[in-house]
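Okay, so here's the structure we're looking at.
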Amino acid sequence: MPTQPLNPHLPFGENKQADWYGKDILSVKQFSRDDLQYVFGVAHEMRGMVERVGTFDLLKGKILANLFYEPSTRTSSSFTAAMERLGGSVIPINEVKYSSVSKGESLPDTIRTLECYADVIVLRHPETGSAAIAAKAAKKPVINAGDGVGEHPTQALLDTFTIMEELGRLDNLTVTMLGDLKYGRTVHSLARLLSQFSGIKLNYVSPDILRMPKEVMDEVAAKGVPQAEFASLEKALPETDVLYVTRVQKERFEDPADYEKVKGAYVIDPKVMKAAKQEMAVMHPLPRVGEISPDFDDDPRAAYFRQMEYGLYVRMALLAMVLGKA
Ligand code: CP
């Protein structure tokens, strides 16, 4: 049966409301098209409120524990900003070495501790599956802010919101993912989330040792989405509507020599982008370390800085949803 295109501009009260109160957000697999419509509607309301009043009291009296075992700038600070813009407050644990984790405290015990003080926990951790372990230990909602090379669901939600804002649709798109597709958890989540839309084609451009994991490709294939792998961008770029660039994740390589072989494999700059459509978007979860030249930043197709701002509204929406205020 044909599905209705998403309309992010519907007020969220008119969208099908999912019951997210008290729920964990661990994987994009939890989100249907209707759920996305709902998240986007709430995010739009949040954007309007931030533009009109800046900060408001929707989550006044609520506390977020922001627990990061790995470095972060965007995810950590946007969750902090989201909570504070909603009138709540934050327990920031950005350096676990200064917490009792450095004394050997387990993840479940750390989670049980923080939920004594907070209403919701955002967790980034280097091990795949850690968010699910934390959620099992917790009675309060846990939001996965990246679990090793597993998933980064809130990033994929803000990525799809960005695509809607930039191109106005999530159906009938060719999305090309470029760079480190093996270790890049953002592309694992995004490929899974996009696979429920119609007319989607996914291109994967990477060095051989950084190809998209078979497990992700099999899940996407099961949804009937065509996928193609390339070693160079040349063939895929002209048909691309969204070019999703990723950093080669040096910190995940066991052998530094392997990193040296593939770092700098692809660089997006104005010359390369001459072969791309005029109406398309270049995205990146950031940080970048040379894979997009700053010379391209002023091009209207460069959406990666706007993408960061959209993340604030989406994370405001998610916090309000799991705390029963949306
Ligand atoms: N996109 C992203 O997860 O960025 P940070 O690592 O800075 O949070």
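One-based numbering, in listed order, for ligands and for the atoms of each. Reckoned from all heavy atoms, side chains included, excluding hydrogens, waters and symmetry mates. By convention here, the first residue in the shown sequence is residue 1.
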Let me have the donor-acceptor pairs involving side chains of residues 129-139, under 3.5 Å, with sequence neighbours excluded, atom names and distances please.
{"from": "S130", "atom 1": "OG", "to": "E127", "atom 2": "O", "distance (Å)": "2.7"}

Inset, instruction - Return yes when atom CD of E279 has more than 12 non-hydrogen atoms of other residues, nucleotides or ligands closer than 6.0 Å, and no otherwise. - result: no
Under 3.5 Å donor-acceptor pairs involving side-chain atoms of residues 46-54, not counting sequence neighbours:
{"from": "R47", "atom 1": "NE", "to": "E51", "atom 2": "OE2", "distance (Å)": "3.2"}
{"from": "R47", "atom 1": "NH1", "to": "E165", "atom 2": "OE1", "distance (Å)": "3.1"}

Inset, instruction - With M177 as reference, evaluate L190, V205, V245 under the side chain to side chain contact (heavy atoms under 4.5 Å, CB included) test and give the passing residue. - result: L190
Legend entry - Within the 4.0 Å heavy-atom sphere of ligand 1, strictly under, residues: S72, T73, R74, T75, R124, H152, Q155, P285, L286
Legend entry - Spacing of CZ belonging to F305 relative to CG belonging to L286, to within rounding of 0.5 Å: 6.5 Å
Inset, instruction - Starting from L210, walk the hydrophobic network (Ile, Leu, Val, Met, Phe, Trp, Tyr; side-chain heavy atoms closer than 4.5 Å) and list everyone else you reach, by chain and number. - result: V149, Y183, I209, V248, F253, Y259, V262
